[in-house]
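Only heavy atoms go into these numbers, but all of them, side chains included; no hydrogens, no water, no symmetry mates.
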Amino acid sequence: MATVMNVNHFSIYLKRNMECTVILPSDIKNDEKLPVLWLYHGGSGDNTAWLYHSPITEYVDDGRFAAVLPNVQNSCFVNMNIGDKYESYVGKELFNIIMNMFPCFSDKRENNYVSGFSNGGYGCLHIALRYPEKYGTVGAFSAGDKADSEFLNDGSEKSMRRIELYGDGDLHKTEYGITYQADRLIEQKSVKPEIYHACGELDPWIDMNHILRDYFMSHIEYNYVYDEIEQIGHEWKFWREELKRFLVFTGLINN
């Protein structure tokens, strides 16, 4: 049976104590270097979401890899325009903390996979494109580009939250834009993550997912795969199924 533990640590970036969940296979051999799946929660979740709603512990035990589930509240895993630097925390600081705490984890980019759903789906794309030297493969579920989301600065709570996270105006040419980050890696001739992207046919934000799909399909510099399941929406039934498909796609588990 897999081992599940909470890791409490102090974040220099966030200036407070944080916690994440780490899942280990039941037996680890001497000098073994485990692949690592970084698994992100959605907007209303936390580091326990995947534990409660998916068989992630079974996958870890069967596939002999480790899983790390961060908690970033409702930050979308970005350095907020007004607020905390969650991108730097997750993408750099937590990565180093976990690698130092668990010498059985591989720090090679080809052995580090990052995945998530909804806000965490956007977040895993954002993090992998910001730190492509750390993460080799992305599994983004129900994950549109926040730059494609309709925005009206009307003083509403929704608009104020958007400004708090990303600022005002068009995001397409900012660090928050997924396609902007992807374009930059192409221009820099940098290493690029492999991308597995999926959305349910009935997802209310499927149009945003299609915009992102069309971008990556038109840029052959990226190794990109898209999956869509009919008659299913923005829900755990979809995310559970896509997690399994992503793990099979990466070879972390068998079909």
Side-chain angles (χ1 to χ4, degrees), residues 33-40 65-68 70 72 76-79 85-96 98-99 105-149 166 170-199 208-228 242-243 245-253:
K33 290 292 186 179
L34 297 171
V36 183
L37 173 68
W38 301 81
L39 200 52
Y40 293 177
F65 62 91
V68 181
V72 300
C76 293
F77 298 80
V78 302
N79 286 340
K85 296 184 179 299
Y86 284 100
E87 173 211 301
S88 298
Y89 161 66
V90 174
K92 294 192 292 187
E93 185 179 22
L94 184 61
F95 186 95
N96 292 335
I98 292 298
M99 291 303 166
F105 289 7
S106 173
D107 62 359
K108 295 181 179 179
R109 70 177 298 271
E110 63 267 25
N111 291 331
N112 278 270
Y113 308 82
V114 56
S115 182
F117 69 93
S118 193
N119 281 356
Y122 162 82
C124 68
L125 284 167
H126 175 74
I127 293 289
L129 293 169
R130 291 285 281 172
Y131 305 100
E133 74 283 358
K134 285 185 167 67
Y135 307 95
T137 307
V138 184
F141 317 141
S142 309
D145 189 344
K146 297 298 182 180
D148 294 323
S149 180
Y166 315 114
D170 188 357
L171 302 181
H172 285 94
K173 298 299 181 182
T174 73
E175 66 181 40
Y176 302 116
I178 297 299
T179 57
Y180 173 78
Q181 297 292 350
D183 281 340
R184 190 166 66 172
L185 292 186
I186 293 172
E187 293 167 4
Q188 295 174 346
K189 295 181 169 53
S190 300
V191 64
K192 302 169 188 63
E194 180 180 36
I195 298 172
Y196 178 99
H197 176 204
C199 191
M208 289 172 57
N209 283 260
H210 284 171
I211 292 171
L212 204 56
R213 174 201 64 189
D214 294 345
Y215 167 86
F216 281 111
M217 284 188 168
S218 66
H219 289 76
I220 61 173
E221 296 88 350
Y222 283 89
N223 185 353
Y224 173 83
V225 173
Y226 180 75
D227 187 45
E228 190 167 298
E242 285 299 346
L243 175 62
R245 293 187 186 191
F246 175 63
L247 294 177
V248 171
F249 170 78
T250 60
L252 288 173
I253 65 171

Could you measure the distance from the [atom1] atom of [X] to the [atom2] atom of [Y]? Nearest 0.5 Å is fine.
X: Phe249; Y: Asp227; atom1: CZ; atom2: CG; result: 10.5 Å
X: His172; Y: Tyr180; atom1: NE2; atom2: OH; result: 13.5 Å
X: His197; Y: His210; atom1: NE2; atom2: NE2; result: 8.5 Å
X: Asp214; Y: Asn209; atom1: CG; atom2: CG; result: 11.0 Å
X: Arg245; Y: Tyr196; atom1: CZ; atom2: OH; result: 6.0 Å
X: Tyr135; Y: Arg109; atom1: OH; atom2: CZ; result: 12.0 Å

> With Thr174, which residues qualify under side-chain hydrogen bond (donor to acceptor under 3.5 Å, both in side chains), at least two apart?
Replying inline: none
>> So, using side-chain hydrogen bond (donor to acceptor under 3.5 Å, both in side chains) as the criterion, who are the partners of Tyr226 when residues are at least two apart?
In response: Glu228
Could you work out, with side chain to side chain contact (heavy atoms under 4.5 Å, CB included) as the rule, every residue matching [X], not counting sequence neighbours?
X: Asp145; answer: Tyr122, Ala147, Asp148, Ile178, Thr179, Leu212
X: Ser142; answer: Asp203, His234, Phe238, Trp239
X: Glu221; answer: Ile186, Lys192, His219

> Considering only heavy atoms from C-beta outward, does the side chain of Leu37 approach that of Thr250 to under 4.5 Å?
Replying inline: no
> Can you find a pair of side-chain heavy atoms, one from Leu39 and one from Leu243, that are under 4.5 Å apart?
Replying inline: yes
Search all heavy atoms of [X] against all heavy atoms of [Y] and return the closest pair with its distance.
X: Asn112; Y: Ser106; value: ND2-O, 2.9 Å
X: Leu185; Y: Pro132; value: CD2-CG, 3.9 Å
X: Phe216; Y: Ala182; value: CE2-CB, 4.0 Å
X: Val68; Y: Pro70; value: O-CD, 3.4 Å
X: Ser115; Y: Gly139; value: OG-O, 2.6 Å
X: Ala143; Y: Gly121; value: CB-C, 3.3 Å

> Picking from Tyr131, Tyr40, Tyr86, what satisfies ring-ring contact (aromatic ring centres under 6.0 Å, His included) with Phe77?
Replying inline: Tyr40
>> Set out, in order, the CA-CA distance, both residues' side-chain angles and the distance that settles side-chain contact (heavy atoms from CB on, under 4.5 Å) for Trp38 and Val36, then state yes or no.
In response: CA-CA 6 Å; Trp38 301 81; Val36 183; 3.4 Å; yes
> Is the number of heavy atoms from other residues, nucleotides or ligands within 6.0 Å of NZ (Lys108) greater than 12?
Replying inline: no
Let me have the donor-acceptor pairs involving side chains of residues 88-95, under 3.5 Å, with sequence neighbours excluded, atom names and distances please.
residue : atom : partner : partner atom : Å
Ser88   : OG   : Asn79   : OD1          : 3.4
Ser88   : OG   : Asn79   : ND2          : 3.1
Tyr89   : OH   : His9    : NE2          : 2.9
Lys92   : NZ   : Tyr13   : OH           : 3.2
Glu93   : OE1  : Ser11   : OG           : 2.7
Glu93   : OE1  : Tyr13   : N            : 3.4
Glu93   : OE2  : Ile12   : N            : 2.6

Would you say [X]'s side chain and [Y]'s backbone share a donor-acceptor pair under 3.5 angstrom?
X: Ser149; Y: Lys146; answer: no
X: Gln181; Y: Glu175; answer: yes
X: Tyr113; Y: Phe246; answer: no

> In terms of ring plane angle, is the pair Tyr166 and Tyr176 parallel, tilted or perpendicular, where the classes change at 30° and 60°?
Replying inline: perpendicular
